2 protein chains.
Amino acid sequence: MKKNQFEIGCETCNIRLHSVFHVLDEAQVKSLSLQKSCAVYKKGQYIFNEGGIPSGLFCVNSGKIKLAIVGYDGKEQILRLAKAGDILGYRALISNERYHSSAIALEDTSLCIIDKQYFFSQLEQEPKLMLEVARKMSADLKKAEEHIVSLSQKNVRERLAEALLFLKATYGLQDDKSTINVKLTREEIADYIGTSTESCIRLLSEFNQDGIIELHGKSIKIINLSLLIRTANIED
Amino acid sequence: MKKNQFEIGCETCNIRLHSVFHVLDEAQVKSLSLQKSCAVYKKGQYIFNEGGIPSGLFCVNSGKIKLAIVGYDGKEQILRLAKAGDILGYRALISNERYHSSAIALEDTSLCIIDKQYFFSQLEQEPKLMLEVARKMSADLKKAEEHIVSLSQKNVRERLAEALLFLKATYGLQDDKSTINVKLTREEIADYIGTSTESCIRLLSEFNQDGIIELHGKSIKIINLSLLIRTANIED
DNA sequence: GCTAGAACATGATATTTATCATGTTTTAGT
DNA sequence: ACTAAAACATGATAAATATCATGTTCTAGC
């Protein structure tokens, strides 16, 4: 982690408009801008660690981040994925606990840090902000519970298809309108869907052979979206 | 659902002190008491339904409730378990969505209903209440994410042991200090840990033979707690 | 641009778990 | 108290998935 040379004020930050802080008024944004600091992280670096004590809230400016827990046998479980505009570390902060997961940069990332005390004072003063944070948490809870149903009731093939759709929904597509806009290792995909790396690789190859996707290194191009959706067995 | 004949005011409700509403002052409690209504549900009845539109917040007065989703093949997935003092339906309410799961009474249950508009007005006026609700959601999110790790990385035996410990932590023990204070069918336990009913039954029998538990109908008595903990492979 | 380590790939095998089948016991409703 | 349905139980088998093994291809750092 190092200080970002290129940091700008929150007043001119477009990302803010897509974050929980879009509800703040001009004066509140000015105040926020004075309090916040910025940092950049290289791909692979830890932003915070499982068991660490939160000192503030992170707001992603650019880059992609995974939130993961290391299980008892050393296997990683990916819980959430974050992108520009997302806040990080809010759960531990609100319940006044240590982090129960780690945040790791999936690519070079820059983010802002808002001091814990300041954040809480803003939450108290601005119910709209508190509600925004609650809505973010609500969305994460819903995703987590859908993940539970998936892990519990679907087979690996369905889960993989669902995960690819989730990655598409989260990070969108590249300019070609078909390549998923994030690069994960096969192991990371496996760590999200709860399977072995080998099974994940095998099934990606199968999807490739079945004409559902095309593999170009870590880039995954969706060739047949409707077939992918059918493979995922989505009910809603 | 029918109106509870025996409803009391929030002022004298001891359960309130163990709920998110413990932060309210005397005037707020009086106001709440005037707004709330009460209802009782028989075992097996639905309190709300997946896809339904929330009209208010539920606060459990007595009884036990499961929150569950029905998967695409008709199999139920139990997501959360609620008891006296817990609030229900807050997630959908806060994110202004339909319910994504159903709430079903596990035994005869009585609960209070707080109107949606009134609840939101109280949230805005009392940041402490909002923070309490956020903390409740934070706790549920943490549990959900631990559930994900468990489903993803543990085998059925470990998950069953973990589930029994979870039931113990959630509903406590009976007066004998060893029988888990909730009665679930084998199918419901299976629906929580994400396995088939048969596998769940088989493993409970095994636990019985191994001297970890004793089975008395739907009552489960923990005989060897430390062995149960070891079987669950808990890291923290 | 070389090289070691990581990531990817695929086959063979073992293990876990689901499914099917069948019978018994418990429970809830008349 | 009786009876049908649900829940429980257990064995046999099938299917899904992990694990092990081995080789290839990328990729980051010197």
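Note that the coordinates shown come from a computational prediction; the quantities given were computed from them, not determined experimentally. Below, each value reflects all heavy atoms present in this structure, side chains not excepted, and no hydrogens, waters or symmetry copies. A note on names: the letters A, B, ... follow the listed sequences, proteins ahead of strands, and every chain is numbered from 1.
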Name the pairs: protein N/O against N/O of nucleotides 20-23 of chain D, kept only if under 3.5 Å.
unit_1, atom_1, unit_2, atom_2, d
D:dC20, N4, A:E198, OE2, 3.4

In plain terms, say whether B:K42 and B:D108 are close enough for a salt bridge, that is, a side-chain N and a carboxylate O under 4.0 Å apart. yes
For A:E76, is there an ion pair with A:K66 - N to carboxylate O distance below 4.0 angstrom? yes
Terminal helix-axis angle for the helix from C:dG1-D:dC30 to C:dT30-D:dA1, with five pairs defining each axis and rounding to 10 degrees: 70°
Does a side-chain N or O of A:T195 approach OP1 or OP2 of D:dA18 to a distance below 4.0 Å, or not? yes
Would you tell me if any nitrogen or oxygen in the side chain of A:S199 comes within less than 4.0 Å of OP1 or OP2 on D:dA18? yes
Just how far, in rounded Å, is [atom2] of [N] from [atom1] of [X]?
{"X": "B:I201", "N": "D:dG11", "atom1": "CD1", "atom2": "C1'", "answer": "13 Å"}
{"X": "A:K42", "N": "D:dT27", "atom1": "NZ", "atom2": "C1'", "answer": "16 Å"}
{"X": "A:E187", "N": "D:dA18", "atom1": "CD", "atom2": "P", "answer": "14 Å"}
{"X": "A:E206", "N": "C:dC8", "atom1": "CD", "atom2": "P", "answer": "17 Å"}
{"X": "A:I189", "N": "C:dA7", "atom1": "CD1", "atom2": "C1'", "answer": "12 Å"}
{"X": "B:Q153", "N": "D:dT17", "atom1": "CD", "atom2": "C1'", "answer": "16 Å"}
{"X": "A:L204", "N": "C:dA7", "atom1": "CG", "atom2": "C1'", "answer": "13 Å"}
{"X": "A:E188", "N": "C:dA7", "atom1": "CD", "atom2": "C1'", "answer": "11 Å"}

Could you work out, with ring pair (Phe, Tyr, Trp, His ring centres under 6.0 Å) as the rule, every residue matching B:F48, not counting sequence neighbours? B:F58, B:Y99
Would you mind classifying the nucleic acid contact of A:T197 as base, sugar-phosphate or nothing, using non-hydrogen atoms under 4.0 angstrom? nothing
Do A:N233 and A:T231 meet the criterion of a side-chain donor-acceptor pair at a distance under 3.5 Å? no
Mind running salt bridge (Lys or Arg N to Asp or Glu O under 4.0 Å) on A:R91 and B:E145 for me, showing each step along the way? CA-CA 12 Å; A:R91 203 210 59 82; B:E145 294 186 332; 5.1 Å; no
More than 12 heavy atoms of other groups within 6.0 Å of B:D176 CG: yes
Does NZ belonging to A:K136 count more than 12 external heavy atoms closer than 6.0 Å? yes
By the ring-ring contact (aromatic ring centres under 6.0 Å, His included) test, which pairs, at least two apart or in different chains, include something from residues 146-169 of chain A? A:H147-A:Y192, A:F166-A:Y192
With A:K64 as the cation and A:Y171 as the aromatic partner, state whether NZ or CZ is under 6.0 Å from the six-membered ring centre and within 45° of the axis. yes
Using the rule given for side chain to side chain contact (heavy atoms under 4.5 Å, CB included), can you reason through B:T179 versus B:E214, listing the C-alpha separation, both sets of side-chain angles and the distance that settles it, and then say yes or no? CA-CA 9 Å; B:T179 301; B:E214 257 176 35; over 6 Å; no
Please list all pairs passing the salt bridge (Lys or Arg N to Asp or Glu O under 4.0 Å) test where one or both residues lie in residues 189-209 of chain B, with sequence neighbours left out. B:K75-B:D191, B:R157-B:E206
Measure from the side chain of [X], starting at C-beta and using heavy atoms only, and say which of [options] lies closest.
{"X": "A:S205", "options": "D:dA9, C:dA9, C:dA7", "result": "C:dA9"}
{"X": "A:R186", "options": "C:dC8, D:dA18, C:dT17", "result": "C:dC8"}
{"X": "B:S196", "options": "C:dT19, D:dA9, C:dA7", "result": "C:dT19"}

Sub-3.5 Å pairs of nitrogen or oxygen atoms, protein against nucleotides 24-30 of chain C:
none

Contact summary for A:N155 and A:E158, nearest pair of heavy atoms: OD1-N, 2.9 Å
